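Some notes on the structure that comes next.
Sequence lines set the chain letters: A, B, ... in the order given, protein chains first and strands last, and positions in each chain run from 1. None of these values were measured; they are calculated from a predicted model.
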There are 4 protein chains.
Amino acid sequence: MRWASIGGMARPPTSQSPKAQHPSTPGTGRIDKRAAILDAAFQVFARDGYANAAVDAIAAAAGVAKPTVYNHFTDKQTLFREALAADAERALGRNLAVVQRLSDGRGELRSRLEDLGARLIECYADDRSVAVRRLLCAEASTFPEIHSEIREQTGERVVAALADRFAHLVLDGTLRECDPAQAAEQFEALLAGPMEHRSRSGSRKVSAAARRAIAKAAADTFIRAYAR
Amino acid sequence: MRWASIGGMARPPTSQSPKAQHPSTPGTGRIDKRAAILDAAFQVFARDGYANAAVDAIAAAAGVAKPTVYNHFTDKQTLFREALAADAERALGRNLAVVQRLSDGRGELRSRLEDLGARLIECYADDRSVAVRRLLCAEASTFPEIHSEIREQTGERVVAALADRFAHLVLDGTLRECDPAQAAEQFEALLAGPMEHRSRSGSRKVSAAARRAIAKAAADTFIRAYAR
Amino acid sequence: MRWASIGGMARPPTSQSPKAQHPSTPGTGRIDKRAAILDAAFQVFARDGYANAAVDAIAAAAGVAKPTVYNHFTDKQTLFREALAADAERALGRNLAVVQRLSDGRGELRSRLEDLGARLIECYADDRSVAVRRLLCAEASTFPEIHSEIREQTGERVVAALADRFAHLVLDGTLRECDPAQAAEQFEALLAGPMEHRSRSGSRKVSAAARRAIAKAAADTFIRAYAR
Amino acid sequence: MRWASIGGMARPPTSQSPKAQHPSTPGTGRIDKRAAILDAAFQVFARDGYANAAVDAIAAAAGVAKPTVYNHFTDKQTLFREALAADAERALGRNLAVVQRLSDGRGELRSRLEDLGARLIECYADDRSVAVRRLLCAEASTFPEIHSEIREQTGERVVAALADRFAHLVLDGTLRECDPAQAAEQFEALLAGPMEHRSRSGSRKVSAAARRAIAKAAADTFIRAYAR
DNA sequence: GATGAATGAGTGTTCATTCAT
DNA sequence: AATGAATGAACACTCATTCAT
């Protein structure tokens with residue numbers, strides 16, 4: 001999945017009023033703050049973009065003083081990198097779990113692919129996912145390394161996992177002889193491309209029905225092209 | 001085409017030394033300057049992103065003084081919008097011309113699709129194209145209207161033109177009964193998705209061979225799925 | 001004179017209310033501002049030291065906005081350098097004029113030396129002189145070049161001028177055969193050393209009587225050591 | 001002595017790895033730390049100046065945590081004062097010892113003065129001495145009291161001791177009738193002035209030969225002016 | 001119409017200082 | 001007594017934007 005791979009689940013509501021909250025478990029304070037900052041950073045970066053995101057705003061959102069941010073992360077850049085990475089990690093797990101289902105599924109190929117597609121689209125449409133793609137794309141020239149890192153940690157691995165599933169399906173005769181990597185890449189494209197198109201790069205919501213239709217169409221085209 | 005639609009041709013070498021150049025035709029000076037500013041703006045925005053692009057830098061690149069920029073374009077935002085729009089217009093023509101070839105072509109379906117795919121990928125890989133996609137994506141939340149405007153002027157119309165071609169192919173029996181719009185959307189996705197993947201959102205070059213392979217694979221899958 | 005060479009005259013009262021003052025001579029505005037900034041910078045640096053001097057404060061003192069300061073001088077460092085240099089130039093003239101008097105004087109050697117000493121001490125005790133020495137000394141390790149530059153432009157040349165006068169006095173038999181450079185260095189030391197001592201590096205005033213006494217003592221010792 | 005009076009001896013190598021060193025005598029730990037901090041503070045202040053010296057850096061250099069510094073010294077200011085005072089105390093001893101030699105010496109006046117001068121110049125040229133003078137001068141307006149305190153503890157007393165020696169020399173007829181305090185002040189000036197000049201306020205080294213020459217010249221002038 | 005100069009608002013970053021442990 | 005973590009206050013520097021010419 002180009003970007004679908006970077007899905008995200010709703011993050012736990014961390015940043016509470018800093019004074020009101022006396023950390024339940026002593027010693028967790030540091031970690032709490034670090035997590036709160038990462039989370040706030042992600043939200044602010046997502047909302048304002050890298051350049052427009054004020055560290056002040058991030059600190060405020062995290063319920064922390066500005067220097068505390070710099071205490072945990074040396075730089076605005078570093079904070080950016082780590083915030084994205086943290087989110088990417090969460091997303092990776094979610095995406096891989098979805099792909100795994102393909103092998104576990106017992107049903108007919110078509111329904112299994114439709115289901116897989118629908119779930120990957122869900123990941124792709126997730127707000128945090130959209131935000132990460134935007135940020136990565138926007139800062140691709142400023143932070144080329146981030147882009148590579150995160151993509152390798154997520155997108156690559158998801159497509160690879162997908163390719164692995166397809167390879168099995170080739171072996172057991174469900175799919176025709178083909179390059180599983182290419183098949184995976186195309187399956188992902190058939191999901192993400194139309195979604196990107198319809199959602200206008202994530203700037204408008206796509207109805208559940210439309211999402212389902214995209215998954216159906218992708219599965220249909222894929223089966224026509226690859227099923228034995 | 002999601003973004004491939006926004007291809008660009010090399011723009012004419014505009015920004016010359018401001019003092020050295022005395023506009024040949026008197027009265028053209030204003031227009032010259034306006035064009036020079038638009039061009040410089042595009043380059044600087046493309047290089048630095050919206051937020052990081054200094055109006056100073058744009059003015060310098062255009063060989064004008066900063067207030068001159070503000071005389072022609074009220075805002076940095078306006079300048080951004082117009083610079084992108086100017087580029088999009090150029091790109092649209094190029095893309096439509098490419099799509100038109102599909103109907104003119106006389107050869108076999110496969111080779112015509114491969115050719116079309118290769119040319120669209122060329123548009124997609126063009127530096128200015130990449131830059132526009134990046135900028136649109138990056139500022140999608142800041143300027144949602146821009147995104148829609150430009151997409152409608154370019155992407156939409158290109159996919160529509162493609163759908164129109166496919167509709168003809170359905171009528172003449174080359175393609176099976178299907179929704180031409182969906183077919184167009186998917187064909188575009190099969191080209192753009194893998195390109196985006198391989199080029200890491202345009203941050204690394206994709207070899208000509210690889211591009212050709214993507215076009216071939218897209219045509220192959222498309223034919224298997226849609227040819228009668 | 002070690003530092004006495006860097007005397008200063010009261011600078012003309014430049015920085016007036018910026019709004020109230022419409023530059024009498026049109027076109028002088030830029031220069032006015034530049035001078036006002038230099039002057040304000042000197043005062044603030046002198047009062048607070050380099051590190052503690054806020055550019056904000058300098059701008060305010062000059063009746064200018066902060067960016068205007070950066071418009072005229074790229075850096076805080078540059079501003080510092082130029083402010084000191086500007087002052088040093090003024091001081092040099094004053095010191096050289098004083099030394100020149102030695103040759104013009106017609107009276108007895110002792111009274112001429114006492115007079116010279118007293119005038120050099122006046123230069124040395126000048127507030128701006130004290131400030132420059134402090135700043136140079138304080139930032140000697142941060143801006144080693146400044147130190148050299150200014151010293152060469154001032155201190156060196158004053159001692160050299162003094163040596164030149166003494167050389168003449170050797171030739172006309174007023175002073176015994178000796179190294180005029182060394183004599184100049186020592187004469188300066190006999191003035192500046194006790195002044196530095198008594199004024200506690202310029203942090204307390206030395207009475208006019210005490211200053212006169214120092215000059216007298218220096219002249220006396222010098223004559224005993226060097227007069228024929 | 002203006003500043004020559006503030007000489008320094010190499011301070012014992014205090015700051016060891018804080019963890020590795022378990023104070024041999026229990027209970028000495030506090031004192032060890034205090035000394036380590038003072039020493040580190042001196043070094044950092046000397047290197048960076050007062051304003052630029054980070055308490056962080058001092059703590060690190062001393063192998064302690066920042067709050068430990070604040071436990072021992074309430075303020076950055078206090079730390080500064082005490083660090084300078086500690087160094088001054090060491091220097092005083094050294095300088096007085098040098099002056100004492102004048103009376104013990106048995107040789108001819110000239111050689112004794114030359115020797116005294118050379119030794120005082122040695123003190124004056126010492127790195128820590130140079131640093132202290134710089135710091136005192138730099139912060140003279142910020143901490144006027146420090147300046148007085150330290151000068152009284154060192155400079156004053158050294159000049160006084162010198163004056164005392166000279167008084168004896170007047171009594172035993174070696175020197176002519178004169179004000180011994182003034183003689184002392186001038187002798188010191190003849191040493192320190194040229195040194196300051198030649199070393200460009202301590203920012204470049206002065207060769208041993210040049211130092212010797214300065215001492216010789218000072219002794220010569222002094223003898224011409226004050227010997228019977 | 002074009003410009004040199006000026007500015008108000010804001011940004012990232014640092015530092016002396018203080019709690020809670 | 002010593003520390004890790006947190007903070008409020010500043011500060012250098014930049015930028016989009018506007019006058020006066």
field: Watson-Crick or G-U pairs under 3.5 Å in DNA chain E, rendered as dot-bracket with [ ] for crossing pairs and | for another strand
entry: .||||||||||||||||||||

task: Give the rounded distance in Å between these two atoms: CG of D48(D) and C1' of dT14(E).
output: 14 Å

message: In whole Å, I'd like the distance from the CZ atom of R34(A) to the P atom of dA6(F).
response: 11 Å

message: Could you tell me how far apart F80(C) (CZ) and dC11(F) (C1') are, to the nearest whole angstrom?
response: 17 Å

- request: Rounded to the nearest 0.5 Å, what's the gap from CG on L136(D) to CD1 on I146(D)? Could you check?
  value: 7.0 Å

- request: Evaluate the side-chain contact (heavy atoms from CB on, under 4.5 Å) criterion for residues R47(D) and V44(D): first the C-alpha distance (whole Å), next the side-chain angles of each, then the deciding distance (0.1 Å), finally the verdict.
  value: CA-CA 5 Å; R47(D) 173 164 37 88; V44(D) 174; 3.8 Å; yes

task: Go through the steps for L84(A) and F45(A) under the test side-chain contact (heavy atoms from CB on, under 4.5 Å), then give the verdict.
output: CA-CA 9 Å; L84(A) 285 196; F45(A) 281 136; over 6 Å; no

field: Length of the line joining Y70(D):OH and dT7(F):P, which is rounded to integer Å
entry: 17 Å

- prompt: Want to settle it: does V69(A) or Y50(C) sit nearer the 5' end of DNA chain F, counting the closest nucleotide to each?
  reply: V69(A)

task: Please work out if A53(C) contacts a base, only the sugar-phosphate, or nothing of the nucleic acid, heavy-atom cut-off 4.0 Å.
output: sugar-phosphate

query: Which residues satisfy the side-chain contact (heavy atoms from CB on, under 4.5 Å) test with N71(D), sequence neighbours excluded?
result: none

Under 3.5 Å donor-acceptor pair, K66(B) side-chain atoms to dT3(E) base atoms: no

statement: note: F45(A), atom CZ; dG12(E), atom C1'; distance rounded to Å ~ 11 Å

- request: Find the distance F73(C):CZ to dA6(E):C1' and express it as a whole number of Å.
  value: 15 Å

query: Closer than 4.0 Å, any side-chain N/O of H72(B) to the OP1 or OP2 of dG1(E)?
result: no

task: Take the protein atom CG of D32(C) and the nucleotide atom P of dA5(E), then report the distance between them rounded to whole Å.
output: 14 Å

- line: Considering only heavy side-chain atoms of V64(A), the closest of dC13(F), dT7(F), dT3(E) is dT7(F)

5'-most by nearest nucleotide on DNA chain F - A54(C) or N52(B): A54(C)

- prompt: Considering only side-chain heavy atoms of P67(C), which listed nucleotide, dC19(F), dG8(E), dG12(E), is closest?
  reply: dG8(E)

Please tabulate, one pair per line, all N/O donor-acceptor pairs under 3.5 Å involving side-chain atoms of residues 73-80 of chain D, not counting sequence neighbours.
| unit_1 | atom_1 | unit_2 | atom_2 | d |
| --- | --- | --- | --- | --- |
| T74(D) | OG1 | T78(D) | OG1 | 3.4 |
| K76(D) | NZ | Y50(D) | O | 2.9 |
| K76(D) | NZ | A53(D) | O | 2.9 |
| Q77(D) | OE1 | R81(D) | NH2 | 3.2 |

Salt bridge (charged side-chain N to carboxylate O under 4.0 Å, His left out) between R134(A) and E139(A), intermediate numbers included: CA-CA 8 Å; R134(A) 267 223 246 281; E139(A) 308 302 329; over 6 Å; no

query: Looking only at N and O atoms, is any donor in the side chain of N71(D) or the base of dA1(F) less than 3.5 Å from an acceptor on the other one?
result: no

message: Between C1' on dG8(E) and CG on D56(C), what's the gap in Å once rounded to a whole number?
response: 12 Å

task: May I ask you to evaluate whether T68(C) reaches the phosphate of dA5(E), defined as a side-chain N or O under 4.0 Å from OP1 or OP2?
output: no

statement: Rounded to the nearest 0.5 angstrom, the CG-CD distance for D87(A) and E82(A) is 13.5 Å

message: Could you measure the distance from the CG atom of N52(C) to the OG1 atom of T142(D)? Nearest 0.5 Å is fine.
response: 6.5 Å

Quiz item: K76(B) side-chain donor-acceptor pair to dT17(F) base, under 3.5 Å: no

message: The side chain of V55(B) is closest to which nucleotide in this list: dA2(F), dA16(F), dG8(E)?
response: dA16(F)

